[in-house]
Amino acid sequence: MQNINKLESDIEEIIDELKGLCQTKGLSNTGAEEEIITSVFLYKFLNDKFMQNIKEFSEKVGYSIEEILIDNKDEILDAYYSSHPRDVAFEYTDTIEYLVNKSSGDDIHILFDDALENISNNHLNEAFSIETAEGSREPLFKRIIDEYIDDGKDNFARNILGIVSQEKFDFSEAFKENFDFYSRIFEYLIKDFNVASDTYAEYFTPQVISKIIARILVNMSPVEDISYDIYDPSAGSGSLILHLANELGEGSFGNKAQVYTQDISVKSSRFLRINMLLNGLTDSLDNIIKGDTLVSPSHYNEKDNPSSGIKTFDYITSNPPFKMDFSSTRNTIENKWAESEEHDGIKRFFAGVPNIPKKKKKGMAIYLCFAQHILWSLKENGKAAIVVPTGFITAKNIPLKIKKEIINQKWLKGVISMPPNIFANTGTNVSVLFIDKSNTDGDIILIDASNLGEKITINDKQKTILRPNEIELIENTFINQEEVEDFSVKVTYEDIIEKNYSFSAPQYFEIKFQYEEISEETFFKKLDEYKKDLNEDFNKSKDLEETINKNLEKLIFKY
């Protein structure tokens, strides 16, 4: 029986050894380290998967691995690729096995970089590149040793091969594992590189929050045996969207989720591709777009919207940046989309685009643009989850216009206010809006989970961790629409209008007064005590008044 902890530990050891190797070259905490480690890790994973599948295929067709790969029996390889369309294609000279055999010779670093380049340029691997909003494509790999290592290049290549050789570790056992396993491995892989910056895509949603959101979204209505289009317009490294895809699961035809994303960050788009490859969602790789969602949303389907051709989606999930300087594109966004077509009665930026502040441009509330884009991008009966700063749920101006539209259109399903410091990269309190365009009856649940969680310190920063029973409480309360004292409340659209469109649960909690039953004798006894106390206070006040008047009379005027 497989030891999952041992397997996980072995994979983490590979990652740690690669980081140690980069440290010897002075590359710690640099973009070069990030690209070398993620590229080598992905290369190792794809190589082992290819070799494992070739081994199984060779046994099936009666040809040895050497005959298929080394002797270049093209017709056999063609048959293999036809039966394994989701595999990245390798020539034998691209494999780790071949490079290890050649590693004692000179210029091994050239052979290593050549292998990465060959894999990227193989026409069979075009789907594994990332398309940009401008129509170009970012390759699967690039030459990392020539690019980042100045001296000792061959030794660096040999050390890499020593770390990833199949004799040391083979991923074949890991291929049997599920999404939760790979989500943990992926988080470990990028944990030192996924630091929040001004680029909105690089905000990371914790796995536990992604899992809660996915479970709630999928349980809003019965999931059928059909394909669903799911979307994240600020996908980052893909935690939210891939948890949703996993929660939707597989149907009789394969994955129920067809994943669509867009993201402005090169780094995060690369992380997302790795995440999708690890989790077997290669059929959606063509739908990863690197580009500015707000300026140019890049997914199209004329059947959805004949006028613009902009695609709409069954599910949308997003953790957009809350604050970011987008002043360079602000007017373009407003002017370009001022006359956008209406979807379900709203234009794309129906509530407006935030103005450029005179100070602190980095404080621009870019999330308000994403919230409007998401509402506009949902299908008629679509469902969405949007992470927002908790201040949004009671705020005025553009937030109020957005909330009014959600309520007037009868699209709200519920709101969860999360504990503070639940996100490692922001101390901002966050809430999650759950949108359901089919919720016309108005079954709405508001949850205040702000007091849950265990406070811990990580790298001198305080963070809140939800306990398993608390996760279950949040999920079940929302899904079952349960009222729990001082935790959750069911409201109607009319209730929210009366509260001036506030989405804050505590404003709807019933105010309770504590009282106790007492005898008549006790009542009059307490009343006498209150009178006595009041009389004493009155007497003190009278004495003070007399003292003040006497002192005032003593005042004289001097010129």
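In this chain, residues are counted from 1 in sequence order.
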Legend entry - side-chain contact (heavy atoms from CB on, under 4.5 Å) evaluation trace for Leu375 with Glu405: CA-CA 10 Å; Leu375 295 172; Glu405 198 65 44; 5.8 Å; no

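- At least one side-chain heavy atom of Ser221 sits less than 4.5 Å from a side-chain heavy atom of Lys383.
- When all heavy atoms of Met364 and Pro357 are compared, the pair lying nearest together is CG-CD, 3.4 Å.
- Here the side chain of Lys311 pairs no donor or acceptor atom with the backbone of Pro297 at under 3.5 angstrom.
- Here the closest non-hydrogen pair linking Lys437 and Asp344 is NZ-OD2, 3.0 Å.
- Under the side-chain contact (heavy atoms from CB on, under 4.5 Å) test applied with Phe370, the options Leu294, Val388, Val387 reduce to a single match, Leu294.
- Panel note: side chain Asn255, backbone Ala257; no donor-acceptor pair is recorded below 3.5 Å.
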Legend entry - Verdict with reasoning, Lys413 to Asp443, per salt bridge (charged side-chain N to carboxylate O under 4.0 Å, His left out): CA-CA 7 Å; Lys413 186 64 176 179; Asp443 293 325; 5.1 Å; no

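- More than 12 heavy atoms of other residues, nucleotides or ligands shown are found within 6.0 angstrom of NZ on Lys336.
- A pairwise comparison of heavy atoms in Lys256 and Gly251 identifies CG-N, 3.5 Å as the closest pair.
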Inset, instruction - In sequence, state the C-alpha distance, the side-chain angles, and the governing distance for Val259 and Leu244, and then conclude on side-chain contact (heavy atoms from CB on, under 4.5 Å). - result: CA-CA 9 Å; Val259 177; Leu244 177 56; over 6 Å; no

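- A distance-only check finds no donor-acceptor pair linking the side chain of Asp229 to the backbone of Phe313 [under 3.5 Å].
- By the 6.0 Å and 45° rule, Lys379 does not stack over the aromatic ring of Tyr231.
- Ser377 places no side-chain N or O within 3.5 Å of a backbone atom of Thr312 that could act as its donor or acceptor partner.
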Inset, instruction - Apply side chain to side chain donor-acceptor pair (under 3.5 Å) to Ser340 and Arg348, showing your working. - result: CA-CA 6 Å; Ser340 58; Arg348 189 171 181 227; over 6 Å; no

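- For the pair Lys347 and Phe350, the cation does not sit on the ring face, since its NZ or CZ is not both under 6.0 Å from the ring centre and inside 45° of the axis.
- Side chains of Ile190 and Ile274 form no contact here, defined as non-hydrogen atoms less than 4.5 Å apart.
- Within the 3.5 Å criterion, the main-chain N or O of Gly442 finds no donor-acceptor partner in the side chain of Tyr493.
- Looking at Gln372, its side chain never comes within 3.5 Å of a backbone N or O of Val353 through a donor-acceptor pair.
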Inset, instruction - Evaluate side-chain contact (heavy atoms from CB on, under 4.5 Å) for Val164 paired with Tyr43, printing each intermediate quantity in order. - result: CA-CA 9 Å; Val164 301; Tyr43 171 54; 5.5 Å; no

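- The shortest non-hydrogen separation linking Ser227 to Gln258 is OG-CB, 4.2 Å.
- More than 12 heavy atoms of other residues, nucleotides or ligands shown are found within 6.0 angstrom of CD on Glu342.
- Two residues are said to be in side-chain contact when any heavy atoms from C-beta on lie closer than 4.5 Å; Asp314 and Ile230 fail this criterion.
- Ion pair Arg184/Asp180 not flagged as a salt bridge, since none of the NZ, NE, NH1 or NH2 atoms sits closer than 4.0 Å to an Asp/Glu carboxylate oxygen.
- Judged by distance alone, the side chain of Asp94 and the main-chain N or O of Phe90 form no donor-acceptor pair under 3.5 Å.
- Closest non-hydrogen pair, Pro420 versus Ser450, comes out as CD-O, 3.4 Å.
- Distance check, rounded to the nearest 0.5 Å: CD of Glu187 to CD of Gln207 gives 4.5 Å.
- Side-chain atoms of Asn275 never come within 3.5 Å of backbone atoms of Phe271 as a donor-acceptor pair (strictly under, hydrogens ignored).
- A distance-only check finds a donor-acceptor pair linking the side chain of Thr293 to the backbone of Pro233 [under 3.5 Å].
- The shortest heavy-atom contact between Ile374 and Ile316 is O-CD1, 3.5 Å.
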Legend entry - Verdict with reasoning, Ile333 to Val295, per side-chain contact (heavy atoms from CB on, under 4.5 Å): CA-CA 5 Å; Ile333 293 167; Val295 173; 4.0 Å; yes

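- By the 4.5 Å heavy-atom criterion applied to side chains, Ser284 and Met276 are counted as neighbours.
- A salt bridge is defined here as a Lys NZ or Arg NE, NH1 or NH2 lying under 4.0 Å from an Asp or Glu carboxylate O, and Asp325 with Lys362 fails to meet this definition.
- One finds the CG atom of Leu217 at 12.0 Å from the CD1 atom of Ile212 (value rounded to the nearest 0.5 Å).
- For the ring-ring contact (aromatic ring centres under 6.0 Å, His included) test with Phe171, the passing option among Phe181, Phe45, Phe50 is Phe45; the others fail.
- Using a 4.0 Å cut-off between a side-chain N of Lys or Arg and a carboxylate O of Asp or Glu, Arg330 and Glu334 qualify as a salt bridge.
- By the 4.0 Å N-to-carboxylate-O rule, Lys142 lies too far from Asp113 to be salt-bridged with it.
- Heavy atoms of other residues, nucleotides or ligands lying less than 6.0 angstrom from NZ of Lys410 number 12 at most.
- Side-chain contact check for Phe128 versus Ile119: every heavy-atom pair is 4.5 Å or farther apart.
- Distance check, rounded to the nearest 0.5 Å: CG of Asn279 to OH of Tyr182 gives 8.0 Å.
- Here CD1 of Ile386 is found 10.5 Å from CZ of Phe434. Values are rounded to the nearest 0.5 Å.
- The distance from atom OG of Ser431 to atom CZ of Phe503, rounded to the nearest 0.5 Å, is 11.0 Å.
- The aromatic rings of His343 and Trp376 lie parallel to each other, with less than 30° between the two planes, well short of the 60° mark.
- Taking 4.5 Å as the limit, every side-chain heavy atom of Lys404 sits out of range of all side-chain heavy atoms of Ile496.
- Once rounded to the nearest 0.5 Å, the distance linking CG of Leu42 with CZ of Phe141 reads 4.0 Å.
- Between Pro354 and Ile398, the closest side-chain pair of non-hydrogen atoms falls below 4.5 Å.
- In this structure, Lys211 places its NZ atom where only 12 or fewer heavy-atom neighbours from other residues, nucleotides or ligands lie under 6.0 Å away.
- The side-chain tip of Lys403 points at the ring of Phe392 from less than 6.0 angstrom away and within 45° of straight on.
- Checked by atom type and distance alone, the side chain of Asn122 pairs as donor or acceptor with a backbone atom of Leu124 at under 3.5 Å.
- Proximity of Ser129 to Ser120: side-chain heavy atoms (C-beta onward) are nowhere separated by under 4.5 Å.
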